[in-house]
Amino acid sequence: MTDKYTQFVSGGFGRDLARKLGLPQPVALRRYTPGDPLLEGPVVVLGPGSGAESIAAQLLGWGLDVRRNIGGSEKIAALVLALDELADPSALSAPVQAAGQLLRQLKASGRVVVVSRDPATANDPATAAARQAVDGFTRSLAKELRAGATANGVILREGVDAGASSAMGALRFFLSARSAFVDGQFLRVDDAQAVPDGGVRPLDGKVAVVTGAARGIGASIAATLSRDGAKLILVDVPAAGEQLAATANRVGGVALQVDITAEDAADRILELAGTRFGKLDIVVHNAGITRDKLLANMDPARWDSVIAVNVSSQLRMNEVFLASPLFAEGARIVSLASTSGIAGNRGQTNYGASKAAVIGMVRATAPRLAERGGAINAVAPGFIETEMTARIPFATREVARRLNSLQQGGKPQDVAEAIAFLVSESAGGVNGEVLRVCGQNLVGA
Ligand code: NAD
């Protein structure tokens with residue numbers, strides 16, 4: 001659905017009025033179209049150690065206009081802050097001050113990406129403190145940026161160099177327009193091979209299944225994976241058959257009417273994948289439902305159906321996929337969680353439980369995918385403009401869509417772009433992670 005307020009304040013009288021009254025002034029975000037340049041303008045790489053050097057060298061290799069310093073009048077497309085060698089919180093001062101000096105030069109929809117190390121594996125308290133400080137710094141900075149600019153972080157796990165291909169894959173996603181609605185977030189990367197620049201069709205030759213693909217976010221995921229080169233199976237309930245067929249025709253894919261709570265749902269998907277394509281590389285567990293009620297009024301049917309669709313079906317299907325020889329080496333799974341599963345949401349004890357359960361499932365399944373060179377991750381959308389959120393009463397909806405650092409609802413495409421990244425070889429080394437696509441929700445976690 002359209003966000004009339006954002007249109008109203010985007011120019012002329014509306015913009016002046018919003019400015020005068022101190023009202024939110026969301027801007028149209030830069031979104032990805034294949035063939036667009038990664039960045040339009042210089043990227044400045046700051047940082048005290050050798051990490052900054054190796055990141056700068058990699059970015060130069062991508063043909064970017066890389067600077068280690070820049071004049072006071074030139075506009076900047078992105079700022080990369082390499083903080084991977086911090087051993088004490090006091091060491092943050094100089095690099096963050098240097099970054100602060102440049103923020104006024106950051107363009108609309110500009111990017112700040114901080115590269116740091118995992119506090120959980122620090123050897124001493126001062127190093128752990130310094131690494132954890134980066135988290136609070138980045139999240140706070142994200143809340144200060146304006147005009148669609150974002151700040152996110154890449155966290156290097158033990159033994160990963162700042163210039164490693166896995167780190168570069170995550171860095172490239174955060175720099176790109178694919179991460180338009182990802183703000184104040186981190187991705188941890190392991191030492192695995194990644195292909196940071198997968199080109200315009202990074203999923204060429206891959207076979208993907210998307211559940212709940214008839215409409216909304218699922219239809220957008222299907223369109224985006226197809227755009228990126230994947231062959232598709234689109235799944236939805238028989239009741240949505242007509243819409244599913246229309247979507248499959250539009251994006252180019254095979255429609256499969258199946259309820260994912262059926263015992264044989266995964267077998268039916270594998271059977272179709274086997275006969276049509278001979279393998280299955282990518283699973284996107286997108287189908288989900290809400291049945292909101294306060295817990296005091298919650299009937300068993302509402303609770304049970306949400307758990308059954310949103311998580312039990314995924315648990316059952318994953319076991320079948322993982323046992324199948326058709327589920328290819330390097331296979332990738334992405335599950336749709338929700339910020340409600342992280343921060344909680346009134347009236348959604350069932351939904352919040354199911355989406356938190358998805359996160360637990362993803363973390364516990366990650367080692368099994370790693371064994372075969374694959375990965376499983378979760379994407380947690382915040383407020384996304386779909387039929388699901390269009391059903392929220394007007395006043396609640398208007399508040400909910402403004403309560404994030406970008407002051408607007410995301411688009412289904414924003415969730416789809418994050419998923420397209422996570423199922424691609426650019427995301428090598430990203431496993432068991434939860435990536436929020438929420439514009440940095442201001443409420444809750
Ligand atoms: P939607 O209701 O518009 O679409 C969901 C699709 O899933 C529908 O086509 C529906 O028919 C299908 N589906 C439902 N039950 C199914 C079943 N048993 N078997 C097969 N298909 C089934 O929802 P959406 O807004 O596009 O959300 C997609 C996913 O994103 C869901 O998992 C949802 O929980 C999650 N999510 C959405 C938002 C948001 O703001 N819209 C926020 C956070 C998370």
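We're numbering straight along the sequence, starting at 1. Order of appearance sets the numbers: ligands from 1, and atoms from 1 within every ligand. Because the structure is a prediction, the values reported are computed rather than measured.
At a 4.0 Å heavy-atom cut-off, ligand 1 touches Ala337 through the backbone alone. Contacts with ligand 1 closer than 4.0 Å are made by heavy atoms of both the backbone and the side chain of Ile260. By the criterion of a heavy-atom distance under 4.0 Å, both the backbone and the side chain of Ile217 are placed next to ligand 1. Of the heavy atoms in Val258, only backbone atoms (N, CA, C, O) come closer than 4.0 Å to ligand 1. Counting heavy atoms under 4.0 Å from ligand 1, residue Lys355 touches it through the side chain alone.
In terms of protein heavy-atom proximity, atom 40 (O) of ligand 1 is nearest to Ile384 N, 3.0 Å. Ranking protein heavy atoms by distance to atom 43 (C) of ligand 1, first place goes to Pro381 O, 3.3 Å. For atom 3 (O) of ligand 1, the nearest protein heavy atom (residue, atom name, distance) is Arg215 NE, 2.9 Å. Closest protein heavy atom to atom 23 (O) of ligand 1: Met388 CE, 3.8 Å. Of the protein's non-hydrogen atoms, Asp236 OD1, 3.5 Å is the one closest to atom 21 (N) of ligand 1. Of all protein heavy atoms, the one lying nearest to atom 31 (C) of ligand 1 is Asn286 O, 3.2 Å.
Within ligand 1, counting atoms from 1 as listed, the ones closer than 4.0 Å to a heavy atom of Gly216 are 26 (O). Each of the following atoms of ligand 1 lies closer than 4.0 Å to a heavy atom of Ala287: 7 (O), 13 (N), 21 (N), 22 (C), 32 (O). Using a 4.0 Å cut-off to heavy atoms of Thr386, the atoms of ligand 1 that qualify are 25 (O), 41 (N). Short contacts between ligand 1 and Asp259, defined as distances under 4.0 Å to a heavy atom of the residue, involve ligand atoms 17 (C), 18 (N), 19 (N). Counting atoms of ligand 1 from 1 in the listed order, those under 4.0 Å from a heavy atom of Ser338 are 43 (C), 44 (C).
At under 3.5 Å, not a single nitrogen or oxygen of Ile289, backbone or side chain, sits near a nitrogen or oxygen of ligand 1. Below 3.5 Å of separation, one finds an N or O of Tyr351 facing an N or O of ligand 1.
Counting only heavy atoms from C-beta outward, the side chains of Ile419 and Val437 never approach each other to under 4.5 Å. No side-chain heavy atom of Trp62 sits less than 4.5 Å from a side-chain heavy atom of Val43.
Nearest-residue assignment for atom 5 (C) of ligand 1 (options Gly241, Ala214, Gly288; heavy-atom criterion): Gly288. Compare Ala265, Gly212, Gly382, Ala239 by their heavy atoms: the one nearest to atom 6 (C) of ligand 1 is in Gly212.
With hydrogens and angles ignored, the 3.5 Å screen pairs no side-chain donor or acceptor of Ser426 with any backbone N or O of Asp197. Remark: the backbone N or O of Ile289 is paired with a side-chain donor or acceptor of Asn310 at under 3.5 angstrom. For the pair Ser324 (side chain) and Phe321 (backbone), a donor-acceptor distance under 3.5 Å is absent. Between the Arg31 side chain and the Asp414 main chain, no donor and acceptor come within less than 3.5 Å of each other.
Ligand 1 lies out of reach of Val235, whose nearest heavy atom is not under 4.0 Å from it. In this structure, Val237 is part of the shell of residues with a heavy atom less than 4.0 angstrom from ligand 1.
For the residue pair Gln348 and Asp292, a side-chain donor N or O sits within less than 3.5 Å of a side-chain acceptor on the partner.
Counted within 6.0 Å of CZ on Arg276, heavy atoms from surrounding residues, nucleotides or ligands total 12 or fewer; the atom is thus considered open. Within 6.0 Å of atom CD in Glu398, more than 12 heavy atoms from other residues, nucleotides or ligands are found, so the atom counts as buried in its surroundings. Crowding of Gln243 atom CD: a count of heavy atoms from other residues, nucleotides or ligands under 6.0 Å exceeding 12.
For the side chain to side chain contact (heavy atoms under 4.5 Å, CB included) with Met317, the lone residue among Ile269, Leu270, Leu322, Val283 that qualifies is Ile269. If you run side chain to side chain contact (heavy atoms under 4.5 Å, CB included) between Lys355 and each of Ile342, Leu336, Asn350, only Leu336 comes through. A side-chain hydrogen bond (donor to acceptor under 3.5 Å, both in side chains) with Glu385 is found for exactly one of Lys411, Gln408, Arg401, namely Arg401.
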